[in-house]
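Here the structure is laid out as structure tokens; the discussion comes afterwards.
We use all heavy atoms of the structure for the numbers below, so side chains are in, but hydrogens, waters and symmetry mates are not. Note that the structure is a prediction, hence the values are computed from the model and not measured.
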Amino acid sequence: MTSVAKTTALVLEKHDGEELSPRVRELRVKIQDKDYIDMAIGRIAQVISRRLVEEPETLVVHGGNFPVPVQRWQER
């Protein structure tokens with residue numbers, strides 16, 4: 001199986017006279033930490049997995065140009 005990684009670049013611009021909030025400065029530091037990113041991805045996976053088990057009807061899988069309800073997706 002081939003895996004393709006997608007990346008997205010986010011640029012925050014600071015305008016003259018504007019200060020970044022302490023929260024934004026804190027998050028900028030955290031996202032540079034590989035362990036923090038690994039933990040965040042693991043947490044997201046846990047939440048999605050729990051929802052798949054407990055409330056599968058509430059989840060939607062986005063395929064192509066339109067969302068597909070999980071039950072229809074599983075039938076494919």
Q.
How close do Asp35 and Asp33 get, counting heavy atoms only, and between which atoms?
A. N-OD1, 3.0 Å
Q) Roughly how far, to the nearest 0.5 Å, is CD1 of Ile31 from CD of Glu26? A) 11.5 Å
Q. In terms of hydrophobic clustering (I, L, V, M, F, W, Y; side-chain heavy atoms under 4.5 Å; direct or indirect links), are Val29 and Ile41 co-clustered?
A. no
Q) Are Leu20 and Leu27 co-members of a hydrophobic cluster defined by side-chain heavy atoms under 4.5 Å apart? A) no
